[in-house]
Novice: 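Dumping the structure here so I can ask a few things about it.
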Amino acid sequence: MGDGDLVIRTRGLTKAYGARFAVRGLDLEVPRGCAFGLLGQNGAGKTTTIRLLLGLVRPTAGDALIFGRSIAEERLALLPRIGCMVEGPAFYPYLSARRNLSWLGDIAGGVAAARVDECLARVGLLDRGDDLYRGFSTGMRQRLGIAAALLLDPELVILDEPVSGLDPPAVLVVRRLIRDLVEREGKTVVVSSHLLHEVEVSCDRVAVIDQGRVVAAGEVKALLDPDQAWVDVSTPDPGRAAEVARGVEGVRSVEARPDGIAVGLEAQQAAALNRRLVEAGLEVRALVPRKRSLEELFHELAGTARVEAAELRS
Amino acid sequence: MTGRVLRLTRFELRKLAARRLPVLALALVVAIALLAPSVGRAVDTASSLMSGKGAQAADSWKNGWTAMASAVSTARLFVFIVVVVLAGSAVAEEASHGTLKTLFVRPVRRVELLLAKALATWGWGALLLVVAVLAAMLGAELNLGLYDVADPTFGITKHTFGTMLGYTALATVVTLAPLAALTGLGLLASCLSDHPGHATGGAIGALFFLSGLAGVATHPGVRDAMFVTYSAMPFEVVDALANQFAGERERLALPGVVQAVVVSLAWAVAGFGGATWLLGRRDIGG
């Protein structure tokens, strides 16, 4: 992929607060015209990464290129092309939603009243536009934050935990909005989330972040490789079943559950697993193959990365 | 850059006008300045009556200009406190509410935002001061009348109405300089803490400390180097002139005015520079 196809490119991006690294040597490539998920647990470094991408914090090392230009050097020229919501929305409580958007738009050179209404309508707040922000619920505030991100019709939209605090209907609105922005308007949308399902259903590509590093990146479909399957085994003796499963070739991981075990393995090894369990005298009540979820992938990748990091340190 | 600063200044002024505190302060300043001459006159009259001198004795040396200067001096203290509160909370409140990052993801430089905040806060303070002077003049006119200042015993005119009006205007303009210094000091405090209460308290504390220092300093150089020295001076001169102390006029002559403005602006620039340095080094939202 050429640099011209990349909306975001970071090389060795690092942010340290004293001895603690929030982001450590982050290499990220976000192609144009896709929904890109930044996936990680709380504290993994997602929000710091977004702050670095927006120039809100200065990197300790490395650089971030947005549309091929350094955000550190050309922030003023780049920001009109970026719409974002970082760490939850923040507006003036004594102003109405409409006035908040309108006045913030004025800072960037002015936004037509019709555009403000259009953005409010996209997040379902048009009829609440004249209400004071201080009276808004968490979900309404979140939606107003998304509306503010869209205000200047940016090419790149960055949303930090956009569905956090939203009720199910609002979650659906946001998911649809993200897909519309990408598919109908050709925008690039970066969504950070610790909600794995959200990234799975909203995004085309994903980077999994753990402890400030990218531990995996690629297309969501490719990362959920059908050959890398999981099998749920129902058995009355999960402890012994787990021991036996760990000895089967091609098994990556085994998780004990109250009614059995979940085994991560190569799909073609499912039959071998069943045979070994039966040969060991275990009662196998059910063996259900399924696709690896992003959550399981995340735990696998994060775990692997931690082991590698520990090995490097030692 | 100028366009962005002007847009930001307009944004900051609109925010001030949309809030309760600045608007309430405007109403209170009008009330204080307008009513102070009446209250002062009532107190003087009561004092004279109690001392057995009679009601008219209190007014023998008083005139509309002294009442106006006295009212402005009272209102000015209030204006200064309002400005230091607004400047002290200007950045800290945005940081505390998270709106600082909302602003900095827009195409603005940090120094531009600070400049806009400084201009808006100082501008609001200037508005309060001018309104205070106008309200005090109205209050004085209604109570004692604003005429030529004349010797009450011999009836000789010491200062004409026009002269006194000119000195009042000059005093108002000169007072804007320490107001700018105060704005810089408040912004500096505001960039030192993310807690608006701490920042505002720090700014008020610094103001009192500097006032105290200027008050107890024995070396005139120390007093002259404090912007607080020049905050009360202009209307003290107007009051002195209205009381026929012609010698006070020197303090509002060109060298005195230049000194007041230069020292105050130096403080304003130092405060603003410190605030810019602090905000420039800060990680936003971190």
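Because the structure is predicted, anything quoted here is derived from the model rather than measured. Side-chain atoms are counted along with the backbone in the values below, which use heavy atoms only and exclude waters and symmetry mates.
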Novice: Tell me whether the count of non-hydrogen atoms from other residues, nucleotides or ligands lying under 6.0 Å of CH2 in W122(B) goes above 12.
Specialist: no
Novice: Would you indicate whether R282(B), at its atom CZ, is surrounded by more than 12 heavy atoms from other residues, nucleotides or ligands within a distance under 6.0 Å?
Specialist: yes
Novice: Listed by chain and number, what are the side-chain contact (heavy atoms from CB on, under 4.5 Å) partners of A72(A), not counting sequence neighbours?
Specialist: D63(A), S70(A)
Novice: So which bits of residues 261-279 of chain B come within less than 4.5 Å of chain A, counting non-hydrogen atoms only?
Specialist: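 Residues qualifying by a heavy atom under 4.5 Å from chain A are absent, so none.
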Novice: Could you look at R75(A) and say if it's the side chain, the backbone, both or neither that has a heavy atom under 4.5 Å from chain B?
Specialist: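 It is the side chain, since no backbone atom gets that close.
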Novice: Chain A contacts: which residues in residues 87-115 of chain B have a non-hydrogen atom closer than 4.5 Å to it?
Specialist: E94(B), H97(B), G98(B), T99(B), K101(B), T102(B), L103(B), F104(B), V105(B), R106(B), P107(B), V108(B), R109(B), R110(B)
Novice: Write out, in numerical order, the residues from residues 101-123 of chain A with a heavy atom short of 4.5 Å from a heavy atom in chain B.
Specialist: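 Residues W103(A), L104(A), D106(A), I107(A), A108(A), G109(A) are the ones that qualify, each having a heavy atom under 4.5 Å from chain B.
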Novice: Does F208(B) have more than 12 heavy atoms from other residues, nucleotides or ligands lying within 6.0 Å of its CZ?
Specialist: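 Counting neighbours around CZ of F208(B), 12 or fewer heavy atoms of other residues, nucleotides or ligands fall under 6.0 Å, so no.
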Novice: Among the options R281(B), K15(B), R20(B), R10(B), pick out the one with the most heavy-atom pairs lying under 4.5 Å from chain A.
Specialist: K15(B)
Novice: Counting only non-hydrogen atoms closer than 4.5 Å, does A149(A) touch chain B with its backbone (N, CA, C, O), its side chain (CB onward), both, or neither?
Specialist: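 For A149(A), no heavy atom lies under 4.5 Å from chain B.
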